[in-house]
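Below is one structure, written out as structure tokens, with a few remarks after it.
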Amino acid sequence: MDFIVEYYFDFGLMGDEFGRVLDGFWLTLKLSIVGGILSLIWGLILAVLRQLPGRPAAPLRWLAIAYIDIFRGIPFLLILLLVSGSMAAFQSEGVIPRELGIPTWFGEGSPFWYGVISLTITYGAYMAEVYRAGIEAVPPGQTEAARSLGMSHGQSMRHVVVPQAVNKVIPPLLNDFIALMKDTSIVSILGALEVVQVGRDIQSEQFNGSGLILGAILFLIVTIPLARLVDVLIARQQGRTQRGGKPAPARGLAGGASKEGDL
Amino acid sequence: MTIDAEPAVSENSNAILELVKVHKNFGSLEVLKGIDLSVKRGSVVCVLGASGSGKSTLLRCINLLEPPDGGQILLEGRKLSEVSSADDINYVRRRVGMVFQQFNLFPHKSALENVAMAQRTVLGRSKSEAADRSEELLERVHLGDKLDEFPDRLSGGQQQRVAIARALGMDPHVMLFDEVTSALDPELVKEVLDVMRELAGEGMTMIVVTHELGFAREVADHVVFMDEGVILEEGPPAKLLEDPGEDRTKRFLGLVLEH
């Protein structure tokens, strides 16, 4: 027992190395936030492409479906290796300029940007599926109402369907974000000094795993509140769909016969 | 928008809308089997019939939510092609408003925003112009005090009146009503029918699919009875509702009245 406490819960060491671990966690957060935001945007674009109507848009739909199937089916580590390897290689072959092949934008190193690109490629595909579920959960009457008012497919998606779909899928998107945040640790294989890599460095320098435990604690400080937030949002959504029984100032079918229309 | 130069082929120059042998199939199921109907400008046509008789499909064909598979639709003299091009669809939806059984209000928008949204995105009205017009329309359906309420805080009757105001916001020439009171509690039906009565009084052309025989008797200029995808019988309300020629119509009216 003493060994475990000493090896993993050496608070003196945690205190000494706190600044270094926190720096690593800051990189983890930056990767998560930049990768997360880009995944949210890219996923929505994919989901909307997938829902384009009509025969002329069929190739785009097909491409979106193929993309989603392919990149949901490949491990993140493999994507990361392909992206970093090929971008560096294209750059050295002169196919793409150096600032694109070995990006160092906004003062972040190329491992950071390879990580962001790979996270976006992979999690964009996951999130596209989440958005799709949300879009399909919007009752068809909503689109019909929008179309009957003369709105185009694009206008009806933008003003009617997507806002409602996004509201419905915020909890599963947050779940994907938690998964994305944990996957940022894989970017360490490119040499990014994120929190897990810092923990490993400390472990190999001092034969002590307390740095890793400190990293785990920092992760949990972010992920546990996020998980609780997901629960609260889901409970609120369920409460809203069940509002029929709750007395509203104007009694009627708000939660009853109109359940198809409102949520 | 390009307006088709093709001359009106209407026999009846008063007709704002004419249907000639309109067919609609869903797979192997023939839902409309050749509908002929002429609607005069400013008139109210009530469509009666059992569920499954094709009433709703008829309305949905008129505004091209379901493109017809055969026949012709003439709207204000323009012949809509069978392929229902995007151009046709725009032409129709600018002129024909529709109100649905399930209201279909946008739940993430207030009453005012529900009415204003398409005015801004489709008609290109400015924010203040659309807001003014929407307020005026909501007052007209007696909801001037509910501008900022969201749909889930409104009763079914109120939601349906917002939906009517929303359709009117597009300045339609024809309004389609698809069983708009069927999802309402009985005590909320009247407030919606009253609004429709007022609208008819102001000269709006209306096609109303309904089970409200009282409304049909009082407001309709013309009543149509549909059965199994055809118009079985049509005529002025006094004749059709009091003394129908067909046994099928008599049986249907008997059932609705009993109920």
Side-chain angles (χ1 to χ4, degrees), chain A residues 52-57 134-135 137-170 236-263, chain B residues 59-60 62-66 86 89-109 113-115 117-123 143 145-146 149-160 163 166-167 169-172 176 178 182-185 187-188 191:
Chain A
L52 284 178
R55 192 177 285 268
I135 289 170
V138 174
Q142 291 288 307
T143 315
E144 287 184 355
R147 300 308 294 275
S148 79
L149 291 165
M151 291 165 81
S152 66
H153 172 83
Q155 288 171 329
S156 125
M157 284 297 272
R158 176 165 160 225
H159 297 287
V160 176
V161 176
V162 168
Q164 292 182 59
V166 169
N167 265 330
K168 284 172 203 274
V169 297
I170 286 172
R236 193 180 295 171
Q237 281 183 352
Q238 280 168 350
R240 245 200 284 179
T241 52
Q242 289 160 6
R243 192 184 284 174
K246 192 172 138 189
R251 202 194 70 79
L253 295 159
S258 70
K259 59 185 171 292
E260 191 209 46
D262 56 39
L263 181 104
Chain B
L59 289 193
R60 295 163 66 84
I62 291 172
N63 85 343
L64 302 181
L65 274 178
E66 304 283 359
I89 290 174
N90 285 336
Y91 177 86
V92 170
R93 303 228 172 112
R94 292 283 180 98
R95 284 165 180 76
V96 179
M98 182 153 179
V99 186
F100 300 86
Q101 182 175 350
Q102 293 294 349
F103 331 137
N104 297 341
L105 289 187
F106 307 133
H108 59 303
K109 297 284 179 187
E113 290 165 335
N114 261 278
V115 181
M117 183 197 287
Q119 295 182 43
R120 298 194 59 201
T121 56
V122 179
L123 300 182
L143 289 171
D145 55 338
K146 302 283 183 193
E149 292 287 358
F150 280 74
D152 66 352
R153 306 291 290 178
L154 296 172
S155 74
Q158 291 168 335
Q159 289 191 55
Q160 196 58 292
R166 180 174 68 174
M170 307 308 289
D171 302 328
L176 310 177
D178 188 6
S182 299
L184 296 177
D185 284 350
E187 74 266 29
L188 302 176
E191 63 189 50

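Here is how names work: the chains are called A, B, and so on, in the same order as the sequence lines, proteins then strands, and each is numbered from 1.
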Any donor-acceptor pair under 3.5 Å from A/Q164 side chain to B/F106 backbone:
no

Measure across A/G150 and B/R93 and return the closest heavy-atom pair with its distance rounded to 0.1 Å.
CA-CB, 3.8 Å

Ignoring hydrogens and angles, tell me if any N or O in the side chain of B/Q102 forms a donor-acceptor pair with the backbone of A/G141 under 3.5 Å.
no

I'd like to know if the side chain of B/H108 reaches the main chain of A/H159, judged simply by a donor and an acceptor atom lying under 3.5 Å from each other, with no hydrogens or angles considered.
yes

Under 4.5 Å from a heavy atom of chain B, the part of A/E144 involved:
both

Quick check for you: among B/M170, B/Q101, B/K109, B/R166, which has the greatest number of heavy-atom pairs under 4.5 Å with chain A?
B/R166

Side chain / backbone / both / neither for B/V96 at chain A, heavy atoms under 4.5 Å:
backbone

If we only count heavy atoms from C-beta on, is the B/V122 to A/Q155 side-chain gap below 4.5 Å?
yes

Spacing of B/D178 atom CG and A/S148 atom OG [to the nearest 0.5 Å]
11.0 Å

First locate atom CG of B/N63, then atom CZ of A/R147, and finally report the distance between them rounded to the nearest 0.5 Å.
10.5 Å

Options B/P172, B/G97, B/A118, ranked by heavy-atom pairs under 4.5 Å with chain A, top entry
B/A118

Closest contact, heavy atoms only, B/M117 versus A/V160
SD-CG2, 3.8 Å

For B/M98, is it the side chain, the backbone, both, or neither that has a heavy atom closer than 4.5 Å to a heavy atom of chain A?
both

